[in-house]
Amino acid sequence: DTEVTQTPKHLVMGMTNKKSLKCEQHMGHRAMYWYKQKAKKPPELMFVYSYEKLSINESVPSRFSPECPNSSLLNLHLHALQPEDSALYLCASSQDLAGNEQFFGPGTRLTVL
Amino acid sequence: SQQGEEDPQALSIQEGENATMNCSYKTSINNLQWYRQNSGRGLVHLILIRSNEREKHSGRLRVTLDTSKKSSSLLITASRAADTASYFCATDPLTPDGLTFGKGTHLIIQP
């Protein structure tokens with residue numbers, strides 16, 4: 001299984017809502033990533049988990065809260081988002097942090113009203 | 001993190017022609033990777049070239065890397081309509097810090 005799955009595919013939420021994005025992989029990868037991508041822009045790294053521990057936080061606002069419950073799952077909890085947070089959120093995984101290729105999920109298209 | 005630059009930003013060619021995209025970056029790297037993205041969906045890994053390699057081939061893809069000029073190129077030969085997508089280079093730095101993506105080239109293959 002060389003697939004990274006993400007749910008939901010689309011999410012519309014108000015600024016006062018709390019929601020979560022989910023990501024799952026069963027490739028035995030020990031590094032997992034969250035990226036944010038605005039339209040016609042490249043992906044921007046948000047968080048990196050290595051062996052279920054937060055390794056990198058690219059100065060992301062606290063309204064985004066990542067969680068890695070186990071080696072196969074990665075969540076992104078959302079609270080009090082702003083309309084400018086509307087974007088495609090991509091999850092990826094790799095064997096580890098030692099410069100390997102990353103496998104991406106299809107993304108969650110988030111719209112904040 | 002500093003993004004790389006890719007050129008051209010957009011490229012439109014006829015089916016069967018070759019497409020060349022360039023990428024420049026600013027920091028020392030462990031490796032450089034190329035990804036394809038169709039219509040704002042997930043990215044697909046195409047090829048990885050390590051800092052001690054100069055050229056790599058995979059099917060119709062040819063990648064070069066010049067670390068002295070901090071640049072890379074991706075050549076797609078005998079292009080097909082299905083190659084229409086956005087192509088991104090991504091650099092993996094010497095210290096593990098996640099990938100930094102270039103701005104991307106939007107490639108359109110005209111049938």
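Not measured: the values here are computed from a predicted model. Just so it is clear: chains get the letters A, B, ... in the order the sequence lines come, proteins before strands, and each one is counted from 1.
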What about [X] and [Y], same hydrophobic cluster or not, with Ile/Leu/Val/Met/Phe/Trp/Tyr joined at side-chain heavy-atom distances under 4.5 Å?
X       : Y       : result
A:Tyr33 : A:Ile56 : yes
A:Phe47 : A:Leu81 : yes
A:Leu78 : A:Met32 : yes
B:Ile76 : B:Leu32 : yes
B:Phe88 : A:Met46 : no

In terms of heavy-atom contacts, does [atom1] of [X] have more than 12 from other residues, nucleotides or ligands at under 6.0 Å?
X       : atom1 : value
A:Arg63 : CZ    : yes
B:Gln9  : CD    : no
A:Lys41 : NZ    : no

Smallest heavy-atom separation, A:Pro42 atom then B:Gly102 atom, equals CB-O, 3.0 Å
Between B:Gln37 and chain A, which part of the residue has a heavy atom less than 4.5 Å away: side chain, backbone, both or neither?
->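 Only the side chain of B:Gln37 comes within 4.5 Å of chain A.
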- prompt: Contact part of A:Gln37 toward chain B, heavy-atom cut-off under 4.5 Å: side chain, backbone, both or neither?
  reply: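 Only the side chain of A:Gln37 comes within 4.5 Å of chain B.
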Contact residues of residues 46-73 of chain B (partner chain A; heavy-atom separation under 4.5 angstrom)
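Listed by number: B:Leu48, B:Arg50.
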When rounded to the nearest 0.5 angstrom, what is the spacing between [atom1] in [X] and [atom2] in [Y]?
X        : Y        : atom1 : atom2 : result
B:Leu99  : A:Ser94  : CG    : OG    : 8.0 Å
B:Phe101 : A:Tyr35  : CZ    : OH    : 5.0 Å
A:Leu88  : B:Leu43  : CG    : CG    : 9.0 Å
B:His45  : A:Phe104 : NE2   : CZ    : 9.5 Å

- Top of A:Arg109, A:Glu101, A:Lys9, A:Gln6 for chain B proximity - count of heavy-atom pairs under 4.5 angstrom: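 Going by pairs under 4.5 Å, I would pick A:Glu101.
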